[in-house]
Amino acid sequence: MGGEPAEDLLVLPPIPLATGRLLRDDDDRVRVVTAVELVVSTADGGEHRIALVPRHGGWWPPDR
């Protein structure tokens with residue numbers, strides 16, 4: 001991390017970022033959701049995937 005200020009680091013709030021277990025696709029079919037990920041793209045072209053955790057009917061950030 002070098003000398004990056006802590007306040008500039010990406011932090012996910014301790015709240016559900018999504019709710020629900022079903023997704024309607026482009027063909028109007030309903031699909032069961034089994035996983036939700038947040039994809040973060042970086043300036044150098046990289047991608048970092050953060051798997052959300054199902055709890056209490058919502059999809060929450062992991063406890064890290």
List, one per line, each side-chain donor-acceptor pair under 3.5 Å for residues 52-63, sequence neighbours excluded.
| unit_1 | atom_1 | unit_2 | atom_2 | d |
| --- | --- | --- | --- | --- |
| Trp59 | NE1 | Gly20 | O | 3.0 |
| Trp60 | NE1 | Arg55 | O | 2.8 |

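- The side chain to side chain contact (heavy atoms under 4.5 Å, CB included) check on Leu38 picks up Leu12, Val40, Ile50, with sequence neighbours excluded.
- The side chain to side chain donor-acceptor pair (under 3.5 Å) test applied to Arg31 returns Asp25, not counting sequence neighbours.
- Through side-chain heavy atoms spaced under 4.5 Å, either directly or across other Ile, Leu, Val, Met, Phe, Trp or Tyr residues, Leu22 is tied to Val30, Val32.
- Residue pairs meeting the side chain to side chain donor-acceptor pair (under 3.5 Å) criterion with at least one partner in residues 37-52, sequence neighbours excluded, are Glu37-Arg49, Thr42-Asp44.
- Listed by chain and residue number, Arg29 satisfy the salt bridge (charged side-chain N to carboxylate O under 4.0 Å, His left out) test with Asp27 (two or more places apart in sequence, or in another chain).
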